[in-house]
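A, B, ... follow the sequence lines: proteins, then strands. Residue 1 opens every chain. Any value given below was found using the heavy atoms of this structure, including those in side chains, with hydrogens, waters and symmetry copies removed. All values derive from a computational prediction rather than experimental measurement.
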Amino acid sequence: MNWRRAAIAAALVIPVVVIFSRGMKIDPREIPSPLPGNPAPTFQLAVFAPGQPPLERPIGDTVRLADLKGRVVVLNFWASWCLACRDEHVGLTQVAREYAGKPVQFVGSLYQDTPGNGTQWIAEMGGQSYPSVNDPKALTAIDYGLYGVPETFFIAPDGKIARKITGPAPPQVVRHIVDSLLTTSGSP
Amino acid sequence: MRVLLALSLVFATLPARAQIRTDTTPRVTTDSALEARTSAVASQLRCPVCQGLSIQDSPSELAQSMRSLVRDQLAQGKSPDQVKAYFVSKYGEWILLTPAPHGFNLLAYAVPILIVLGGGAFIALAVRRWTNPAPESPSTTD
């Protein structure tokens with residue numbers, strides 16, 4: 001056996017195999033966000049869809065992240081033209097109701113859409129239990145590194161982004177994350 | 001092809017541009033400079049929606065919003081590097097169309113060079129072997 005040739009071949013092939021094996025473990029569609037673990041970008045946006053009692057906020061009211069310090073915040077970006085948003089809407093609405101009276105705030109943020117379309121969509125979907133705000137020019141969406149909708153951010157009571165879900169947020173996953181954040185913060 | 005199209009557009013609008021320059025020289029100069037800087041930075045940022053395009057080239061609304069944000073930040077006095085750093089802080093280094101030359105990203109720069117050098121060396125050795133075959137061993141006869 002020509003050991004010299006074998007050594008040269010191994011020196012060329014092994015690094016390529018290592019690089020490809022690393023690359024093949026990566027899902028090219030999954031783009032990691034640098035935000036989890038960091039303070040959530042501040043926002044103050046106006047309510048265009050009030051939600052329903054007991055979670056409702058008046059239309060025109062300003063939702064400020066700074067005012068929600070100490071609570072778990074579930075910030076969900078959505079749009080009326082977003083098909084996948086329909087998959088999660090009912091679940092989010094139901095889960096939000098389950099946390100009424102607890103230090104949890106669900107907020108919908110309209111993305112690249114008009115409040116009129118958003119309001120109509122909510123009505124078509126049977127209502128939304130929590131308020132939604134309008135994000136003109138998508139500045140808050142860009143601040144949160146949004147790729148598209150739906151995307152849901154879970155902000156811990158300390159103001160840091162704990163988790164991000166890209167795509168429809170399953171209700172059981174939302175409950176699990178919210179419960180873990182409440183437990184970590186010491187809230188019942 | 002894109003260069004030819006861009007050049008033809010430039011020459012086609014020269015008369016109109018000359019007229020505009022005559023009428024509003026100071027304002028156009030400032031806006032043109034800001035637009036040029038905006039385009040330069042936007043061309044280096046990937047569109048999160050149309051991922052193969054820069055936000056300068058992408059027609060998506062998000063790209064337009066991001067371009068507008070680039071323009072606003074440059075107008076506020078931020079440097080191009082600061083503007084790019086903002087988007088990297090939100091989207092990660094993936095948002096840069098050209099990977100930053102550090103860490104694992106260096107492979108993206110080194111591998112093509114290594115492949116060219118390695119391929120060239122292989123071709124040189126192969127050509128040398130083909131053009132200088134080993135001499136045949138003399139046959140032994142009684």
Open item on the list: Under 4.5 Å from any heavy atom of chain B, what part of A:Pro15 do you find: side chain, backbone, both or neither?
Closed with: neither
- [ ] Sort A:Asp143 into side chain, backbone, both or neither according to what part of it lies under 4.5 angstrom from a heavy atom of chain B.
- [x] both
Any chain of hydrophobic side-chain contacts (each under 4.5 Å) joining [X] to [Y]?
X        : Y        : value
A:Phe106 : A:Leu110 : no
A:Ile122 : A:Phe77  : no
B:Ile95  : A:Ile161 : yes
B:Leu45  : B:Leu34  : yes
A:Trp78  : A:Leu55  : no

[X] side chain near [Y] side chain, heavy-atom distance below 4.5 Å:
X        : Y        : result
A:Gln112 : B:Ser60  : no
A:Ile142 : B:Phe87  : yes
B:Ser65  : A:Leu139 : no

- [ ] Would you mind checking which part of B:Ser89 comes under 4.5 Å of any heavy atom in chain A, side chain (CB onward), backbone (N, CA, C, O), both or neither?
- [x] backbone
- [ ] Sort B:Leu69 into side chain, backbone, both or neither according to what part of it lies under 4.5 angstrom from a heavy atom of chain A.
- [x] side chain
- [ ] Would you check if the side chain of B:Tyr91 reaches a backbone N or O of A:Leu146 as a donor-acceptor pair within less than 3.5 Å?
- [x] yes
Task: Non-hydrogen atoms of A:Ser33 and B:Lys90 that approach each other most closely - done: OG-O, 4.4 Å
- [ ] Could you give me the CA-CA distance, side-chain angles and deciding distance for B:Leu62 and A:Tyr111, then say whether side chain to side chain contact (heavy atoms under 4.5 Å, CB included) is met?
- [x] CA-CA 9 Å; B:Leu62 180 59; A:Tyr111 170 75; 3.4 Å; yes
Open item on the list: Quick check on A:Arg163: does its CZ atom have over 12 non-hydrogen neighbours (other residues, nucleotides or ligands) under 6.0 Å away?
Closed with: no
